[in-house]
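Before anything else, here's the structure in question.
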Amino acid sequence: KQNRVWIGTRGGGLYRINDPSKEPYVTLIPGPNPYINGLLIEGNEVWTATADGIFHAQNGEDFIQHRSQPSEDTLSNEFVYALFRDNSGILWAGTRHGLNLHDPRTTLFRNFNHNPEDDTSLSDNTVLGMAQSGGYIWIGSVRGLNRLHLQSGRSQRFFHKADNPGSLSHNTVHALALDQNNQLWV
């Protein structure tokens, strides 16, 4: 274990501290927009959510960029807010235009989007956070909370309701976490 500390900034890029007694090492991620929205660190692998797509490095040094392309099997939007790895090894990316599933075996993306004609689609395309509970991915968006069933690909939506104190306190859900009792914190 290398005990590195990674720091993502809003406009200043990505920094790595190898030794707390020394100055941070600047890791340059290519592109004109150095906004780091999220990090996922797994051993020597670094996944970075940015305003210019996803950057991935096996060793924390040489980054490969994943961007949106005019194809359905790529990232749906380059502005990535959050990254999450589920229990089966699938990487999930929350973007300005939906939720993206990245299967490491195929390196292709599958997109989940809001469809106003389908109440089992996501409640909104701007996805800000994710967590897993059993066979479901919980998804926080700018317009509600969603519970995506992994096998069917269908979502159940949850919203703030002024007349229900047990509902969400607000429809914008930025972060999600599960505790040791499998309770979802929003």
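Along the sequence shown, the residues carry numbers beginning at 1.
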Check your understanding: Is the closest side-chain heavy-atom distance between Asn37 and Val80 below 4.5 Å?
Key ->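 Asn37 does not reach Val80 side chain to side chain.
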Exercise for review: Identify the two heavy atoms, one from Leu99 and one from Met130, that lie closest to each other, and give their separation to 0.1 Å.
Suggested key: CD1-SD, 3.4 Å
Check your understanding: Which class fits the ring pair Trp47 and His66: parallel under 30°, tilted 30 to 60°, perpendicular over 60°?
Key ->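 Trp47 and His66: parallel rings.
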Practice item. Indicate if Leu178 and Trp92 have the same hydrophobic cluster label, given that clusters are the connected sets of ILVMFWY residues with side-chain heavy-atom separations under 4.5 angstrom. Key: no
Revision key, fill the gap. So OH of Tyr81 and OG1 of Thr126: to nearest 0.5 Å the spacing works out to 5.5 Å
Check your understanding: Any side-chain heavy atom of Ile90 within less than 4.5 Å of one from Asp103?
Key ->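 Ile90 vs Asp103: side chains touch.
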Exercise for review: Mind listing the closest non-hydrogen atom pair of Leu176 and Ala131 along with its distance?
Suggested key: CB-CB, 3.9 Å
Review point. Angle class for the His102/Phe109 ring planes (parallel below 30°, perpendicular above 60°, tilted otherwise)?
Key: tilted
**Study point:** Spacing of Arg110 atom CZ and Thr74 atom OG1 [to the nearest 0.5 Å]
**Key:**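 Answer rounded to 0.5 Å: 15.0 Å.
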**Study point:** Side-chain donor/acceptor of Asn181 to backbone N/O of Gln183, under 3.5 Å
**Key:** no
Exercise for review: For Asn171 and Phe159, indicate whether the former's side chain and the latter's backbone hold a donor-acceptor pair under 3.5 Å.
Suggested key: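 No.
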**Study point:** Distance-only donor-acceptor check, side chains Asn182 and Ser133, under 3.5 Å
**Key:**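 Per modelled atom types, Asn182 and Ser133 side chains form a pair under 3.5 Å.
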Exercise for review: State, to 0.1 Å, how close Thr95 and Asn100 come at their nearest heavy-atom pair, and which atoms those are.
Suggested key: CG2-ND2, 3.3 Å
Study note, to complete from the structure: OG of Ser141 to NE2 of His174, rounded to nearest 0.5 Å, is 10.0 Å
Review point. Between the side chain of Thr120 and the main-chain N/O of Arg154, is any donor-acceptor distance below 3.5 Å?
Key: no
**Study point:** Side-chain heavy-atom pair Ile137, Phe84 within 4.5 angstrom cut-off
**Key:**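 Yes, side chains in contact.
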Exercise for review: Give a yes-or-no answer on whether the side chains of Asp52 and Thr50 include a donor-acceptor pair shorter than 3.5 Å.
Suggested key: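 Looking only at side-chain atoms, Thr50 and Asp52 do not form any donor-acceptor pair under 3.5 Å.
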Check your understanding: Roughly how far apart are Ile64 CD1 and Ile54 CD1, rounded to 0.5 Å?
Key ->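 If I round to the nearest 0.5 Å, the distance is 12.5 Å.
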Check your understanding: Nearest 0.5 Å, what's the OH-OG distance between Tyr136 and Ser152?
Key -> 7.5 Å
Review point. Are Val142 and Leu122 connected in a single hydrophobic cluster, I mean Ile/Leu/Val/Met/Phe/Trp/Tyr linked by side-chain heavy atoms less than 4.5 Å apart?
Key: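 Different clusters.
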Check your understanding: If we only count heavy atoms from C-beta on, is the Val173 to Asn146 side-chain gap below 4.5 Å?
Key ->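 The answer is no, as the side chains (C-beta and beyond) never meet within the 4.5 Å cut-off.
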Review point. If you draw a 6.0 Å radius around CZ in Arg147, do more than 12 non-hydrogen atoms from other residues or ligands fall strictly inside?
Key: yes
Check your understanding: Are Leu150 and Phe112 in one and the same hydrophobic cluster, where Ile, Leu, Val, Met, Phe, Trp and Tyr link if side-chain heavy atoms are under 4.5 Å apart?
Key ->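 As far as the 4.5 Å side-chain criterion goes, Phe112 and Leu150 are connected within one cluster.
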Review point. About how many Å separate CD1 of Ile7 and CG of Leu14, when rounded to the nearest 0.5 Å?
Key: 9.0 Å
Check your understanding: Any side-chain heavy atom of Trp138 sitting closer than 4.5 Å to one from Val186?
Key -> no
Practice item. Answer whether the closest heavy-atom distance between the side chains of Leu91 and Leu40 falls below 4.5 Å. Key: yes
Check your understanding: Does the side chain of Arg157 reach to within under 4.5 Å of the side chain of Ser121, using non-hydrogen atoms?
Key ->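 They are in side-chain contact.
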Check your understanding: So with a 6.0 Å cut-off around CD of Gln151, is the heavy-atom count from everything else above 12?
Key -> no
Review point. Taking Arg143 for the side chain and Ser123 for the main chain, is one N or O donor matched with an acceptor at less than 3.5 Å?
Key: yes
Exercise for review: Identify which one of Leu128, Asp124, Leu145, Leu148 satisfies the side-chain contact (heavy atoms from CB on, under 4.5 Å) criterion when paired with Ile139.
Suggested key: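 By the side-chain contact (heavy atoms from CB on, under 4.5 Å) criterion, Ile139 pairs with just one of Leu128, Asp124, Leu145, Leu148: Leu148.
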Practice item. For the residue pair Val46 and Phe63, establish whether any side-chain heavy-atom pair is separated by less than 4.5 Å. Key: yes
